[in-house]
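Both ligands and their constituent atoms are indexed starting at 1 by order of listing.
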Amino acid sequence: MSKTKTSFFCQNCGSQSLKWIGKCPGCGEWNTYAEEIIERDKDQKWSRQSERRQSKSILINEIKYELESRKDTNNAELNRVLGGGLVPGSLILVGGEPGIGKSTLMLQIALYIKNCKVLYVSGEESEQQIKMRAERVGLSNNACYIFTATSTQEIFQQIAEITPELIVIDSIQTLQTNIIDASAGSISQIKECAAEMQRYAKLTGTPVFLIGHITKDGSLAGPKLLEHMVDTVLQFEGDRNYGYRILRSVKNRFGSTSELGIYEMQGNGLREVSNPSEILLSQRDENLSGTAIAATIEGMRPMLIETQSLVSSAAYGTPQRSSTGFETKRLGMLLAVLEKRHGFRLGVKDVFLNIAGGIRVDDPAIDLAVICSILSSNEDIAISAKDCFAAEVGLSGEIRPVNRVDQRIAEADKLGFDRIFISKYNLKGLDLSKFNIEIIAVSNVEQVFAKLFG
Ligand code: TYD
Ligand code: MG
């Protein structure tokens, strides 16, 4: 028996140290080091042997590769997020909160993909549970194998037997390799198991999906290091109380990270949402104060989204500010702009903001709609459901231009809106003749206020 070897790992970024240290030199966090056993058994280094194969450098002109070798996942939203399909040998991490639908999404892909032998490894659910889920989503596939295991050695044996063309691991945190003695889910286990999967993927050209859990603060558990190792990081998010789910690409070695896929969780699995504006259209009926519609662009697609605000006199001493789907700090900034630059007395009011559909919006073009919904609630005057907004608001209260404004206008036009408010600085080079919608160019909040409530 060799001596047990231990080492200390930062639970935040995965840095390693021989002794305990208070502040991680890697990420600067305090008190994140924990001791983990890393004893390596000499006989079981088989998975490392691949590293020692004969290799030499090669001229870049002599490297052969096939263009368009991406595999179609038969799921348009996933293809879009991946940048046009699955790249052979890629390692893809899918992260998300518990219960958001990661297992459902991956099982659906495994069952729906065409002409592809799939191995779905689950360390979290039993075979019966997976079968029940497959029945629920109403799909079956003759070439999808289910394997419930957590040991990577067992998994690689199965892989050798089945030779799958696609592997799904649910989840990376349950995997365990006996090269390392630490418990499943610890940093050193996650690191080693992901490394084994990565070696396999690169060596054989098999794409591998890893499902990863997310910690309370929203980052992937054990993860900065995982994010470095994998080719693509996809984030599956949404509000569990609503049906809509967004698959966002956070890192992608083979495509753009601005793309996103939209799904709706239904009783029988996830449905692809190919026309994102339906999120809005399904919920728009009567004229109520406190709502305004933003013409946003997520990825390459324009999407009209409803923002809702409630402004009321503060019930307690300190006014509350709360928002879902929009950054609270940015809400604070917009309120400060309204207060300081335009004299609206919002400092003594509670302000609640909500983005309809339970989705999160990053596009700064939503600012103007947020401000208008707040003013509408404050004045208790409804904004017409035929008005929409697309502009950023700056610190001095100026209405700033946004990118691809013509696409936003075209979408609003297509959906039958009567008016769209944009920044005056967006007018340059814009061909207005092709739109039926009335375009209102503004340069400050007063002008918008006068148009809407004046
Ligand atoms: P799941 O895929 O188990 O989430 P994760 O793997 O991310 O933890 O999804 C679980 C949730 O999805 C659960 O609350 C039930 C719901 N669900 C549906 O609404 N419809 C369905 O068809 C399925 C399979 C699940
Ligand atoms: Mg799951």
Side-chain angles (χ1 to χ4, degrees), residues 73-75 77-78 81-82 91-113 118-141 144-150 152 155 166-176 184-185 189-190 193-194 197 208-223 226-227 230 232-250 260-273 278-279 282 357-360:
T73 61
N74 204 12
N75 186 303
E77 298 297 302
L78 182 66
V81 178
L82 290 174
L91 189 63
I92 302 151
L93 180 65
V94 182
E97 284 177 22
I100 207 76
K102 303 179 294 297
S103 306
T104 308
L105 176 68
M106 284 294 97
L107 185 64
Q108 265 181 260
I109 302 296
L111 294 175
Y112 207 51
I113 193 166
V118 188
L119 178 64
Y120 185 98
V121 180
S122 179
E124 308 208 328
E125 286 158 312
S126 68
E127 286 148 16
Q128 287 76 16
Q129 282 173 316
I130 299 170
K131 176 73 182 170
M132 256 166 60
R133 192 190 298 253
E135 299 270 300
R136 189 166 171 193
V137 300
L139 295 170
S140 68
N141 180 352
C144 176
Y145 293 83
I146 304 293
F147 186 47
T148 50
T150 56
T152 56
I155 293 169
L166 173 67
I167 301 171
V168 178
I169 306 284
D170 186 2
S171 65
I172 181 72
Q173 276 92 356
T174 59
L175 285 195
Q176 203 159 13
Q189 277 289 1
I190 292 179
C193 293
M197 287 297 153
V208 178
F209 279 102
L210 302 175
I211 294 181
H213 292 180
I214 255 184
T215 55
K216 275 184 246 95
D217 62 355
S219 58
L220 283 146
L226 265 184
E227 289 183 19
V230 302
T232 303
V233 181
L234 305 180
Q235 191 94 260
F236 205 37
E237 57 185 41
D239 192 317
R240 281 171 68 179
N241 303 322
Y242 293 94
Y244 291 105
R245 301 280 183 272
I246 288 181
L247 188 65
R248 230 178 255 277
S249 135
V250 185
L260 48 81
I262 303 172
Y263 295 89
E264 187 185 6
M265 180 65 92
Q266 294 183 322
N268 57 353
L270 289 157
R271 178 181 67 90
E272 298 175 50
V273 176
E278 75 167 53
I279 300 178
S282 57
I359 46 183
R360 178 170 70 87

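- On a distance-only criterion, G101 and ligand 1 share at least one N/O pair closer than 3.5 Å.
- Short contacts between ligand 1 and P98, defined as distances under 4.0 Å to a heavy atom of the residue, involve ligand atoms 8 (O).
- Rounding to the nearest 0.5 Å places CZ of R245 at 14.5 Å from CD of E77.
- The shortest contact between atom 22 (O) of ligand 1 and any protein heavy atom is with G269 N, 2.6 Å.
- Between Q266 and ligand 1, at least one N/O pair is under 3.5 Å apart.
- Closest approach of I211 and M106 over heavy atoms only: CD1-CG, 3.6 Å.
- The two residues V137 and L111 make their nearest non-hydrogen contact at CG2-CD1, 4.3 Å.
- In terms of protein heavy atoms, atom 2 (O) of ligand 1 is closest to T104 OG1, 2.6 Å.
- Annotation for ligand 1: atoms under 4.0 Å from non-hydrogen atoms of G267 are 20 (N), 21 (C), 22 (O).
- Here the options are I92, L93, L91, the test is side chain to side chain contact (heavy atoms under 4.5 Å, CB included), and the partner is F209; only I92 passes.
- Summarising the geometry of I155 relative to F147, their closest heavy-atom pair is CA-CE2, 3.9 Å, with the distance given to 0.1 Å.
- The distance from the Mg ion (ligand 2) to the nearest N/O/S atom of S171 is not under 2.8 Å.
- Here the shortest heavy-atom pairing between V273 and Y263 reads CG2-C, 3.8 Å.
- Proximity of E97 to ligand 1 is established by a heavy-atom distance of less than 4.0 Å.
- Ranking protein heavy atoms by distance to atom 25 (C) of ligand 1, first place goes to R136 NH1, 3.7 Å.
- Atom 6 (O) of ligand 1 has as its closest protein heavy atom S103 OG, 2.6 Å.
- At least one donor-acceptor pair closer than 3.5 Å links the side chain of K102 to the backbone N or O of G96.
- A donor-acceptor pair under 3.5 Å is formed between the side chain of N74 and the backbone N or O of Y112.
- Here the protein heavy atom with the shortest distance to atom 19 (O) of ligand 1 is M265 CG, 3.3 Å.
- Under 4.0 angstrom from ligand 1, the non-hydrogen atoms of N268 all belong to its backbone.
- The presence of a protein heavy atom under 4.0 Å from atom 13 (C) of ligand 1 is ruled out.
- Judged purely by distance below 3.5 Å, without hydrogens or angles, the side chains of E127 and T148 pair a donor atom with an acceptor atom.
- For the pair A110 and N141, the tightest heavy-atom approach, listed with the atom from each and the gap, is O-ND2, 3.0 Å.
- Protein heavy atom nearest atom 1 (P) of ligand 1, with residue, atom name and distance: R133 NH1, 3.4 Å.
- By the 3.5 Å distance cut-off applied to N or O atoms, G99 is counted among the residues near ligand 1.
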